[in-house]
Amino acid sequence: LYLGQNCSVTPLQQDQDTVFLTLSRCRQYAPFCADFGPINLGTTHQMCEQLHRLLTCTPLDQKIVYYTTDKPEDVSNSMFLLGAFLCINLGVTQEQAW
């Protein structure tokens, strides 16, 4: 599992060696005012399930790249989701996830 950043508007395309995963527009946080989070529990659950399925179904020789844009709010929310996955699905402590 790799972490990346895509500054382009164009989504990264999967190939035979790499699978790309990002927080899609439909799962982004809908701001109340000028805030950018936290991500709701439903989105957290969906992302954890999607990443878990991807990790269990992807061949070991294929790379999985979880990426986000370079916007600070997207980076923050993506890091939260990755940390939540590590704690919820892989059982690491908060300190280990940090």
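Keep in mind that the numbers below use all heavy atoms, side chains included, and drop hydrogens, waters and symmetry copies. Just so it is clear, the structure is predicted and the values come from calculations on it, not from any experiment.
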Problem set entry | Interatomic spacing from CG in L21 to CD1 in I64 - rounded to 0.5 Å | 8.0 Å
Exercise. Do the non-hydrogen side-chain atoms of V65 and T22 ever get within less than 4.5 Å of each other?
Worked result: no
For this session: Indicate yes or no: at least one non-hydrogen side-chain atom of M47 is less than 4.5 angstrom from one of Y66.
Result: yes
Exercise. NZ of K71 to CG of N77: how many Å apart, nearest 0.5 Å?
Worked result: 11.0 Å
Problem set entry | Inter-residue atom distance L54.CG - T58.OG1, 0.5 Å rounding | 4.0 Å
Problem set entry | Interatomic distance, E95 atom CD to C87 atom SG [nearest 0.5 angstrom] | 8.5 Å
Exercise. Tell me, do L55 and F85 make a side-chain contact under 4.5 Å, heavy atoms counted?
Worked result: yes
Exercise. What are the two closest non-hydrogen atoms of I88 and T44, and how far apart are they?
Worked result: CD1-CG2, 4.4 Å
For this session: Determine, stepwise, if the pair E49 / Q46 fulfils side chain to side chain contact (heavy atoms under 4.5 Å, CB included).
Result: CA-CA 5 Å; E49 288 294 310; Q46 287 177 347; 5.8 Å; no
Exercise. To the nearest 0.5 Å, what is the distance between CG (D74) and CE (M79)?
Worked result: 10.5 Å
Seminar exercise, completed: To the nearest 0.5 Å, atom OG1 of T93 lies from atom CD of Q96 at 3.5 Å
